[in-house]
Amino acid sequence: MTPALAVDGLTVGYAGAPVLDDLRLEVAPGEVVALLGANGAGKTTLLRAASGLTPPRAGRVLLDGADLTALSVEDRARRGLAQVPEGRSVVTELTVDENLHLGALWCHPGRAARRAAVARTYDLFEPLARRRTSLGHQLSGGERQMLALGRALLARPRVLLLDEPSLGLAPRVVAQLMGVLRTTARETGLTVLLAEQNVTSALSIADRGVVLSLGAVVADAPAAELAGDPTLRHAYLGF
Ligand code: ATP
């Protein structure tokens with residue numbers, strides 16, 4: 001089967017030695033992959049190279065077999081490769097409702113379709129429904145992360161890249177976010193590459209875990225196997 005997302009021979013560096021060296025990774029359609037590893041392992045760099053934010057020195061990024069390496073961030077997003085960056089990008093001067101309608105603009109033509117799509121997002125993220133008239137900057141960290149994810153999903157991506165969505169959030173909110181990702185992947189076939197320091201949460205919803213260390217893949221196994229492997233956990237995951 002053609003992978004939904006593939007990076008092949010990816011080499012990325014800022015100055016000096018490469019941060020990622022000849023990296024190869026494939027994610028199958030509808031698969032949720034947890035990208036794990038200590039601080040500085042190269043997780044963010046991999047996501048940024050995949051989405052086009054950081055140009056690689058060598059290698060290719062493929063979406064459903066099509067080579068996107070030469071395309072801009074925007075063109076990759078238009079093809080269905082979307083990144084929700086660390087830091088919860090929402091438009092802080094707009095309300096929750098306006099942010100969501102913006103997210104629905106391209107993929108849900110017509111006001112009725114947009115309204116229905118936004119209503120489904122409120123069903124998925126109930127706390128957002130109570131905050132629909134609040135401005136982005138008035139939201140809590142958890143609400144912002146929900147909004148960023150809800151907005152990204154409204155653009156109907158084929159592959160979603162997520163960088164540390166659980167950062168700074170209460171365990172209850174993390175569980176809710178992870179639950180929505182799992183449900184969406186199962187129901188819509190969304191493919192997810194999820195970089196996380198919160199190993200337990202990420203593995204609890206992932207099909208597979210990939211561990212990076214010093215820019216190389218050191219483990220690639222079913223999530224349940226990784227979660228139950230004490231040697232790996234001690235060596236690379238810090239628990
Ligand atoms: P974290 O969880 O802390 O974000 P990470 O696994 O995502 O870690 P990266 O952020 O990809 O790791 O960083 C990998 C390496 O690249 C680190 O050594 C980091 O210092 C370096 N690095 C990252 N961004 C830059 C940059 N813009 N310029 C120079 N070096 C960078």
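Just so you know, ligand 1 is whichever comes first in the structure, and atom 1 is the first atom listed for that ligand.
- Within the 4.0 Å heavy-atom shell around ligand 1 one does not find Gly215.
- Residue-ligand proximity, Ala38 to ligand 1, at heavy-atom distances under 4.0 Å covers atoms 6 (O).
- Within the listing of ligand 1, atoms 2 (O) sit less than 4.0 angstrom from a heavy atom of Gln197.
- With salt bridges taken as basic N to acidic carboxylate O contacts below 4.0 Å, one links Arg78 and Asp75.
- Which parts of ligand 1 touch Thr45 is read off a 4.0 Å heavy-atom cut-off, strictly below it: atoms 9 (P), 11 (O), 13 (O), 14 (C).
- Close approach to Thr44 involves these atoms of ligand 1, each under 4.0 Å from a residue heavy atom: 4 (O), 5 (P), 7 (O), 10 (O), 11 (O).
- Residue contacts with ligand 1 include Glu164, since one of its heavy atoms falls under 4.0 Å from the ligand.
- Near Lys43, meaning under 4.0 Å from one of its heavy atoms, ligand 1 places the atoms 2 (O), 5 (P), 6 (O), 7 (O), 8 (O), 11 (O), 12 (O).
- Follow the hydrophobic side-chain contacts under 4.5 Å out from Leu135 and you never reach Leu128; the two are in separate clusters.
- For the pair Arg24 and Glu26, the salt-bridge criterion is met [side-chain N within less than 4.0 Å of a carboxylate O].
- Of all the heavy atoms of Ala195, none lies under 4.0 Å from any atom of ligand 1, so neither backbone nor side chain is involved.
- The distance from ligand 1 to the heavy atoms of Asn39 drops below 4.0 Å at these ligand atoms: 1 (P), 2 (O), 3 (O), 8 (O).
- The proximity of Val19 to ligand 1, defined as any non-hydrogen pair under 4.0 Å, is limited to the side chain.
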List the atom pairs, donor and acceptor, that lie under 3.5 Å between side-chain atoms in residues 172-183 and the rest of the protein, sequence neighbours left out.
unit_1, atom_1, unit_2, atom_2, d
Arg182, NH1, Ile205, O, 2.7
Arg182, NH1, Asp207, OD1, 3.4
Thr183, OG1, Gly179, O, 2.7

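- Formation of a donor-acceptor pair under 3.5 Å by the Glu31 side chain with backbone atoms of Thr191 is not found in this model.
- More than 12 heavy atoms of other residues, nucleotides or ligands sit less than 6.0 Å from atom CG of Leu105.
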Check: residues 58-69 side-chain donor-acceptor pairs under 3.5 Å, at least two apart:
unit_1, atom_1, unit_2, atom_2, d
Asp64, OD1, Arg158, NE, 3.2
Asp64, OD1, Arg158, NH2, 2.9
Asp64, OD2, Arg158, NE, 2.7
Asp67, OD1, Thr69, N, 2.9
Asp67, OD1, Thr69, OG1, 2.4
Thr69, OG1, Val61, N, 3.0

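- Atoms of ligand 1 found under 4.0 Å from any heavy atom of Ala41 (numbered from 1 in listed order, with element): 5 (P), 6 (O), 12 (O).
- The closest approach between Gly42 and ligand 1 falls below 4.0 Å for a heavy atom of the residue.
- A donor-acceptor pair is defined here as one N or O able to donate and one able to accept, closer than 3.5 Å; such a pair exists between the side chain of Lys43 and the backbone of Gly37.
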